[in-house]
Asks: 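Take this structure, written in C-alpha cells, and hold onto it; I'll ask about it next.
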Amino acid sequence: MIGERTMARAGDMLPGVVSMQAARERSLVGLSGASVERIRRLLTRACELRPAAMGEAEPMTILRGRTVATLFFESSTRTRTSFAIAAQRMGASVVDLSSGASSLSKGESMRDTARNIEAMGVHAIVTRAPQAGAAELIHDAVACSVINAGDGRHEHPTQGLLDMATLAEAFGRDREFDFRGLRVAIVGDVVSSRVARSAVAGLTKLGARVTLVGPPHLASKGLACLVEPSAGKPSLLSVEHDIDTVLPEMDAVMMLRIQFERHDGPGLGSAPSNEVKKAGPIASVRAYREHCGLTVERAKLMKPGAVVMHPGPINRGVEMDGPVADGLAGPRSLVLRQVSWGVAVRAAVLAECMGA
Ligand code: NCD
C-alpha cells in the first residue's frame with residue numbers, strides 16, 4: 001500500500017536527510033495500508049484544527065506559501081469544496097482543475113497531467129478519478145503530496161477519516177480513538193463503494209466491529225476477506241443480508257448511496273426515481289429500498305442512542321427516508337456533522353502530508 005511504502009521519492013527532491021516516515025507519508029492513498037498510529041494522529045490533528053478549519057476561529061497560516069491543486073476527473077460537490085475550504089483556512093492557495101478543462105480531454109495521460117501540474121510548483125494534488133488505482137499512479141509519477149479523494153471502487157480515505165471523527169465525537173471516543181465495543185453497520189451497495197472500503201479499513205483498525213449489509217449481489221460473503229483476522233481472534237468484519245435482524249444490534253448505521261455510475265447497464269449515471277428501472281446489478285430501485293433502505297419504519301428497530309450516517313449525496317426515499325436523514329424520525333442523524341468533520345479532517349491530512 002502506497003502510504004506505507006518505503007520508497008522515499010520525496011527524499012529525492014529535498015536536500016539532506018528526510019526521515020523515512022515523512023517520505024512515506026507525503027501522500028494519502030488509502031486507509032487499508034495506513035498504520036493505526038497514522039490514523040489516530042490524523043484524527044487528533046483534525047480535532048486540533050477543527051475550530052480554524054470550520055471558520056470558528058481565526059484562519060491558520062500553517063500552509064502559507066503552499067499551493068494545492070484539486071484534479072477531479074469525476075463529479076464532486078462536497079469533497080472538492082471541502083478540500084478547498086480546508087486548504088484555504090490553513091493558509092494555502094487552491095487551484096481547481098476539472099477534467100473538462102484539463103488536457104486529458106485532448107488525450108494527455110493522467111500521469112503527464114499530474115507531472116505538468118507539479119512542474120508549476122504545486123505542493124499537493126488532491127485527485128478523484130473513476131479508475132481504481134489512479135491516485136497511486138499519480139503518487140508514483142510525482143514527488144509532491146497526493147491525496148486520494150476517491151478512486152473508482154477502491155478507496156476514499158478522507159471520507160473514512162471523517163466518518164471516524166464523527167463517530168468518535170458522537171460516542172465520546174475522541175481522546176484515545178479506541179473504538180473497541182462499537183458496532184457499525186455499512187448498508188447497501190457495498191460492492192461498488194470506495195466509502196465502504198475505507199470505512200472498513202479504518203474502523204476495524206481502531207477496534208470497531210463492522211457488519212456489511214445488503215443483498216448477496218451487493219454485499220457478498222466474500223467481502224469478509226477485506227479484513228484479515230488476527231491469530232486466535234474472531235474477525236471484526238462480517239457480512240449479513242437481512243437488515244432487519246442487524247439493525248437492533250448496531251450503535252451506528254452507515255447507509256451508502258447506490259453507485260449507479262459504477263454499474264453497467266441501462267440507467268447508468270442517471271438520477272434515480274422510484275420507478276422500476278434497471279441499473280446493472282440493481283434490478284429495481286423500489287426493490288433496493290424494500291431490501292435495505294432505511295425507512296422510517298425500519299429506523300424504529302434501532303436501539304436507543306444509535307446514530308445514522310450517510311456520505312452523501314443522498315437519494316432520499318431510496319437509501320434513506322428524508323425524515324431519517326434529517327433526524328426527524330427515530331435515531332440521531334449525523335449526516336451534516338460528517339460534512340463538518342470533512343473540512344477538519346482534510347485540513348489535518350493536507351497539513352500532515354505537506355509536513356506542516
Ligand atoms: C462519495 C463518493 O463520491 O465516493 N461521496 C462523497 O465523497 N461525498 C460517496 C458517493 O458518491 O456515494
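Ligands are counted one by one from 1 in listed order, and the atoms in each one are counted from 1 as well.
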Asks: Give the atom numbers and elements of ligand 1 that come within less than 4.0 Å of a heavy atom of Q259.
Replies: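 Counting from 1, the qualifying ligand atoms are 10 (C), 12 (O).
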
Asks: How far is atom 11 (O) of ligand 1 from its nearest protein heavy atom, and which residue and atom is that?
Replies: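 Checking every protein heavy atom, the shortest distance to atom 11 (O) of ligand 1 gives R257 NH2, 2.8 Å.
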
Asks: Do side-chain atoms of N148 reach the backbone of V29 as a donor and acceptor pair under 3.5 angstrom?
Replies: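 It does hold such a pair.
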
Asks: Using distance alone, decide if ligand 1 has a nitrogen or oxygen within less than 3.5 Å of any nitrogen or oxygen in G312.
Replies: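 Checking ligand 1 against G312, an N or O pair does fall under 3.5 Å apart.
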
Asks: Would you check if the side chain of D189 reaches a backbone N or O of Q259 as a donor-acceptor pair within less than 3.5 Å?
Replies: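 Checking the backbone N and O of Q259 against the side chain of D189, a donor-acceptor pair under 3.5 Å is found.
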
Asks: Does some non-hydrogen atom of E74 fall short of 4.0 Å from ligand 1?
Replies: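 No, E74 has no heavy atom closer than 4.0 Å to ligand 1.
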
Asks: Which residue holds the protein heavy atom closest to atom 4 (O) of ligand 1, what is that atom called, and what is the gap in Å?
Replies: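 For atom 4 (O) of ligand 1, the nearest protein heavy atom is R194 NE, 2.7 Å.
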
Asks: Please test L203 against F179 for side-chain contact (heavy atoms from CB on, under 4.5 Å), starting from the C-alpha separation and ending with a verdict.
Replies: CA-CA 7 Å; L203 288 167; F179 285 4; 3.7 Å; yes

Asks: Would you find more than 12 non-hydrogen atoms of other residues, nucleotides or ligands less than 6.0 Å from E58 atom CD?
Replies: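 No.
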
Asks: Quick one: does R197's side chain have a donor or acceptor within less than 3.5 Å of a partner on S193's backbone?
Replies: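 Checking the backbone N and O of S193 against the side chain of R197, a donor-acceptor pair under 3.5 Å is found.
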
Asks: Going by the atom numbers of ligand 1, which of them fall below 4.0 Å from some non-hydrogen atom of R128?
Replies: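 This gives 2 (C), 3 (O), 6 (C), 7 (O) as the contact atoms.
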
Asks: Has the side chain of H123 got a donor or acceptor atom that lies under 3.5 Å from a matching backbone atom of R66?
Replies: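 Side chain of H123 to backbone of R66, a donor-acceptor pair under 3.5 Å: no, none is there.
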
Asks: Give the atom numbers and elements of ligand 1 that come within less than 4.0 Å of a heavy atom of R78.
Replies: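 Listed by number with element: 8 (N).
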
Asks: Does even one non-hydrogen atom of P311 get within less than 4.0 Å of ligand 1?
Replies: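 Under 4.0 Å: yes for P311.
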
Asks: Name the closest protein heavy atom to atom 7 (O) of ligand 1, giving the residue it belongs to and the distance to 0.1 Å.
Replies: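 Of the protein heavy atoms, H156 NE2, 2.7 Å lies nearest.
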
Asks: Report yes or no: is the cationic atom of R128 (NZ for Lys, CZ for Arg) closer than 6.0 Å to the six-membered ring centre of F72, at no more than 45° off its axis?
Replies: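 Cation-pi check for R128 and F72: fails.
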
Asks: Which of the atoms of ligand 1 are close to V195, meaning less than 4.0 Å from one of its heavy atoms?
Replies: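 In order of number, 1 (C), 4 (O), 9 (C).
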
Asks: Give the atoms of ligand 1, by number and element, whose distance to some non-hydrogen atom of T79 is under 4.0 Å.
Replies: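 Listed by number with element, the hits are 6 (C), 7 (O), 8 (N).
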
Asks: Looking only at the side chains, is there a donor atom on one of D151 and Q131 sitting less than 3.5 Å from an acceptor on the other?
Replies: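 Note: D151 and Q131 side chains miss the donor-acceptor criterion.
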
